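From a predicted model like this one, the values you see are computed outputs, not experimental measurements. If you read the sequence from its start, that first residue is 1, and numbering goes on from there.
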Amino acid sequence: MGLYYQAFTGGAAGRGVAAEDILRRLRNVPVQAVIVGWSEDPALYRELGEALHRRGAELWLWFPVFSEHTLREGLRRQTGLLTGAPLGARVFDGDETFDFCCPSQAGLAQRLLEKYDRDFAGCAFDGMFLDRIRYPSLTVGAEALFGCACGECRDWLAENGLPRQVQDDLAQRIAARMSDEDCIDPLGLLQYCAGQYIFADPALETLLRLKCQRIESVVRVLCGGFRSRGMKVAMDLFAPFLAPLVGQDYRRLGAMADFIKPMLYRHTYTPAGLSFELDAMARAVSEAAPAAYAARRAYLRQVTGMDSDTGGFFERELAAIPPVGRVVPGIELHTAEGLPPVRRTDIADSVHRVEQAGYFDRVACWDILSADQKAIETFAGIAGRDQDWAVG
């Protein structure tokens with residue numbers, strides 16, 4: 001059983017986290033690795049890595065790819081197809097910025113590798129944990145569905161089978177249906193099954209397939225760059241029902257990774273949470289017809305098969321993960337401040353469900369520094385025991 005723990009040290013400026021703050025939370029639990037980031041604090045990582053390596057555990061850098069770097073690295077924001085303006089950027093928890101950059105800008109992967117070399121090299125990381133390897137979800141609005149619509153991205157889509165006029169016509173058809181309050185299915189979503197969608201409009205299926213290719217092309221270069229630097233690579237992926245909409249192909253990305261972590265967040269109403277993202281889809285396609293939101297939300301829940309408590313849906317999403325090598329499911333231990341906490345009984349239930357599905361490795365998400373200590377121990381399966389485990 002491999003137990004991984006994510007520790008969030010804040011945005012680039014950090015939150016004043018010390019290595020001991022993280023190690024203290026892990027004193028009583030077995031640890032395979034700690035995934036930590038993404039503040040630019042080499043001293044923290046070196047001290048933490050030395051402690052973990054002495055105890056036989058690994059240190060992985062939590063590294064966002066398509067967001068968080070836009071302003072600091074001078075990257076170009078994604079452009080909306082319908083407005084021609086930059087896609088909206090959400091700020092979460094004070095210092096997480098969902099400001100996705102254009103995947104077509106020249107030399108993007110190389111610039112991110114240079115950022116790693118400048119800010120994180122020399123910290124003896126064992127691996128790179130790549131987050132935000134996607135387009136924004138519909139939490140930023142309906143235009144996120146179409147991806148980036150800058151000139152370079154539109155030309156790339158045209159060169160790969162989706163002419164500009166087809167792109168425009170697709171967007172206008174969907175926009176017209178979104179404005180029609182009597183239409184409960186603006187996306188023309190006919191079926192969802194095991195991570196795959198069937199839409200009435202083949203142009204939409206082509207667009208989603210090409211979005212996956214565009215993301216993969218950048219991630220492939222990054223993986224090669226990090227492996228040439230002697231590191232393993234893992235990836236944070238949306239749940240299977242969300243992945244195709246944001247440009248994530250489980251099979252193609254999983255083939256490049258040492259492991260993938262599906263974000264199967266049942267109990268947190270925050271970004272990547274199952275219910276949170278589905279509700280965001282319904283809101284996005286109802287922007288032009290707010291009165292239709294309830295009906296469209298109900299339709300999306302029906303087509304995707306999401307239960308009211310996401311229980312049976314959780315099992316089906318686990319079953320939808322294709323055989324892509326090593327899969328380490330992510331289980332949330334906490335949620336955002338101001339929301340009801342994730343109960344220890346819920347954590348234990350999630351652990352039971354993933355083990356019943358045959359997964360005995362897991363990741364504690366998304367920040368052990370924000371989780372109750374008993375929640376961490378429940379995740380590790382030792383709650384209630386009086387035992388001092390070595391890290392590793």
Side-chain angles (χ1 to χ4, degrees), residues 11-12 37-38 40 61-91 96-121 128-141 143-164 166-168 171 206-229 233 235-238 243 245-249 252-253 256:
W38 48 77
E40 297 167 4
L61 176 62
W62 186 357
F63 189 78
V65 173
F66 287 101
S67 76
E68 302 293 335
H69 312 302
T70 305
L71 290 177
R72 293 178 65 85
E73 302 300 321
L75 302 176
R76 185 174 70 239
R77 286 261 298 278
Q78 293 189 16
T79 302
L81 179 59
L82 298 175
T83 65
L87 288 178
R90 290 176 57 92
V91 177
E96 287 190 71
T97 306
F98 291 77
D99 56 347
F100 287 82
C101 68
C102 168
S104 294
Q105 55 199 304
L108 174 60
Q110 186 58 41
R111 290 170 72 175
L112 294 174
L113 289 169
E114 290 170 358
K115 174 180 176 57
Y116 169 81
D117 290 337
R118 182 180 70 243
D119 297 329
F120 302 106
M128 296 296 295
F129 184 75
L130 304 183
D131 195 358
R132 313 272 177 88
I133 47 175
R134 59 179 178 88
Y135 289 88
S137 72
L138 272 70
T139 56
V140 303
E143 285 207 302
L145 178 70
F146 306 106
C148 182
C150 72
E152 289 181 54
C153 282
R154 297 201 67 187
D155 287 345
W156 185 88
L157 289 172
E159 292 165 3
N160 287 273
L162 198 66
R164 278 188 175 234
V166 175
Q167 299 171 39
D168 291 336
T206 300
L207 172 65
L208 298 184
R209 175 177 56 80
L210 291 176
K211 286 172 63 178
C212 289
Q213 286 184 215
R214 182 80 290 198
I215 294 297
E216 179 203 351
S217 67
V218 177
V219 174
R220 184 172 296 279
V221 177
L222 281 176
C223 287
F226 289 128
R227 290 194 187 284
S228 72
R229 288 159 172 78
V233 178
M235 301 179 189
D236 219 12
L237 301 183
F238 265 21
L245 302 173
V246 297
Q248 292 180 335
D249 184 314
R252 298 171 76 98
L253 293 175
M256 294 187 278

Could you report the tightest heavy-atom contact between [X] and [Y], atom names first, then the distance?
{"X": "Leu253", "Y": "Glu216", "result": "CD2-CA, 4.3 Å"}
{"X": "Thr70", "Y": "Arg77", "result": "CG2-CG, 3.6 Å"}
{"X": "Phe238", "Y": "Gln248", "result": "N-OE1, 2.9 Å"}
{"X": "Leu108", "Y": "Pro103", "result": "CD2-CA, 4.0 Å"}
{"X": "Arg214", "Y": "Tyr135", "result": "CG-OH, 3.2 Å"}
{"X": "Arg111", "Y": "Gly74", "result": "NH2-O, 3.4 Å"}

Under 4.0 Å between a Lys/Arg side-chain N and an Asp/Glu carboxylate O for [X] and [Y]?
{"X": "Lys115", "Y": "Glu68", "value": "no"}
{"X": "Arg118", "Y": "Glu73", "value": "yes"}
{"X": "Arg154", "Y": "Asp168", "value": "yes"}
{"X": "Arg229", "Y": "Asp117", "value": "yes"}
{"X": "Arg164", "Y": "Asp155", "value": "yes"}

For the side chain of [X] and the backbone of [Y], is there at least one donor-acceptor N/O pair under 3.5 Å apart?
{"X": "Gln105", "Y": "Leu75", "answer": "no"}
{"X": "Thr83", "Y": "Ala85", "answer": "yes"}
{"X": "Lys211", "Y": "Leu245", "answer": "yes"}
{"X": "Gln167", "Y": "Leu157", "answer": "no"}

Take Cys153 and Cys102 through the side chain to side chain contact (heavy atoms under 4.5 Å, CB included) test and state the conclusion after the steps. CA-CA 8 Å; Cys153 282; Cys102 168; 3.6 Å; yes
Pair Leu130-Ile133, side chain to side chain contact (heavy atoms under 4.5 Å, CB included): steps then yes or no: CA-CA 7 Å; Leu130 304 183; Ile133 47 175; 4.0 Å; yes
Phe63 ring center near His69 ring center (under 6.0 Å): yes
Can you check whether [X] reaches [Y] side chain to side chain, under 4.5 Å on heavy atoms?
{"X": "Pro136", "Y": "Gln78", "value": "yes"}
{"X": "Val219", "Y": "Met256", "value": "yes"}
{"X": "Val140", "Y": "Phe98", "value": "no"}

From Leu145 atom CG to Leu81 atom CG, the distance as rounded to the nearest 0.5 Å: 10.0 Å
Intermediate values then yes/no, side chain to side chain contact (heavy atoms under 4.5 Å, CB included), Arg227 and Val233: CA-CA 7 Å; Arg227 290 194 187 284; Val233 178; 3.9 Å; yes
Could you go through the side chain to side chain contact (heavy atoms under 4.5 Å, CB included) check for Val65 and Asp131 one step at a time? CA-CA 6 Å; Val65 173; Asp131 195 358; over 6 Å; no
Have a look at Phe226 and tell me which of Phe120, Phe129, Tyr116 forms a ring pair (Phe, Tyr, Trp, His ring centres under 6.0 Å) with it. Tyr116
Modelled atom types, side-chain donor and acceptor of Arg220 and Ser217, under 3.5 Å: no
